[in-house]
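Reviewing the structure listed below.
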Amino acid sequence: DIPQDVSYIGKYAFSNCKNLSSMNYPTSLATTGWGVFNGCTKLKSITVPEGVTELPGSVFYQANCLTKVKLPSTLKTIGSSAFYDCQNLTFIDLPDSVEQINDGAFSDCENLTSIKLPANITSINKETFHGCKSLKNITLPSRLESIGEEAFYECENLENITLPDTIKTIGKSAFYNCENLKMLLL
């Protein structure tokens with residue numbers, strides 16, 4: 001177990017620990033470096049404790065066996081590629097406190113089927129859901145202003161999307177190869 005008073009874990013500290021199947025995310029852990037659990041292919045579930053405000057970039061990058069994530073109500077930012085290539089993640093409940101989801105946060109989560117974005121999100125950044133081939137349903141926040149380049153690129157099973165009145169920009173290839181998209185409401 002990681003001691004509960006640990007406040008920082010450096011980048012790639014547990015990277016490629018292929019047999020790591022569980023861990024306690026310390027309540028005092030305020031931030032980590034990039035890729036702390038990168039390549040921990042047997043890590044199935046994680047609970048991030050209350051008090052944590054940021055998930056750093058690539059923190060669960062290629063944690064292929066991750067199926068369950070519980071995030072705290074204090075979380076404000078999800079870093080770039082935080083859940084990149086978490087192929088067995090099918091659903092994630094984002095707390096209403098989340099204000100920013102950085103580039104590629106959920107890229108290549110091939111089995112992610114649905115997600116509800118918090119009301120505070122005003123931008124879906126570049127490649128946020130790129131390659132989420134199973135994504136069928138997404139609820140966009142009513143204050144959304146921009147959708148970045150390739151945000152939903154190759155979300156092959158996305159069927160319907162309603163864009164709020166507040167939308168100002170849609171980036172290049174934002175919905176490229178969304179071959180099952182049947183209804184787009186503006």
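For this chain, numbers begin at 1 and follow the sequence in order.
- Within a 6.0 Å sphere centred on NZ of K136, other residues, nucleotides and ligands contribute 12 heavy atoms or fewer.
- At most 12 heavy atoms of other shown residues, nucleotides or ligands fall within 6.0 angstrom of atom OH in Y176.
- Residues L158 and F129 have side chains not in contact (no heavy-atom distance under 4.5 Å, counting atoms from C-beta outward).
- Two residues are said to be in side-chain contact when any heavy atoms from C-beta on lie closer than 4.5 Å; L43 and M23 meet this criterion.
- The distance from the CG atom of L71 to the CD atom of E50 is 10.0 Å, given to the nearest 0.5 Å.
- Between Y25 and F60, the ring planes lie tilted relative to each other; the angle falls in the 30° to 60° range.
- Checked by atom type and distance alone, the side chain of T166 pairs as donor or acceptor with a backbone atom of L144 at under 3.5 Å.
- Ion pairing between E156 and K133 holds under the 4.0 Å rule for side-chain N and carboxylate O.
- Considering all non-hydrogen atoms of both residues, I121 and P141 come closest at O-CG, 3.3 Å.
- In the model, N102 has a side-chain atom that pairs as donor or acceptor with a side-chain atom of Q100 under 3.5 Å.
- Under the 4.5 Å side-chain contact rule for hydrophobic residues, F106 and F91 do not share a cluster.
- Contact of the T77 side chain with the I101 side chain is not registered, since no non-hydrogen atoms from C-beta on lie closer than 4.5 Å.
- Under the 4.5 Å side-chain heavy-atom criterion for Ile, Leu, Val, Met, Phe, Trp and Tyr, I115 and L89 are members of the same hydrophobic cluster.
- Between P95 and P118, the shortest heavy-atom contact is O-CG, 3.2 Å.
- The shortest heavy-atom contact between I2 and P26 is CG2-CG, 3.4 Å.
- Across every non-hydrogen atom of K116 and T139, the tightest pair is CG-CB, 4.0 Å.
- In the hydrophobic cluster analysis, where Ile, Leu, Val, Met, Phe, Trp and Tyr join through side-chain heavy atoms closer than 4.5 angstrom, L55 is grouped together with F37.
- Listed here is the closest heavy atom pair of G10 and V36: O-CG2, 3.6 Å.
- Taking all atoms of both residues into account, the shortest heavy-atom contact from N19 to K42 is OD1-NZ, 2.9 Å.
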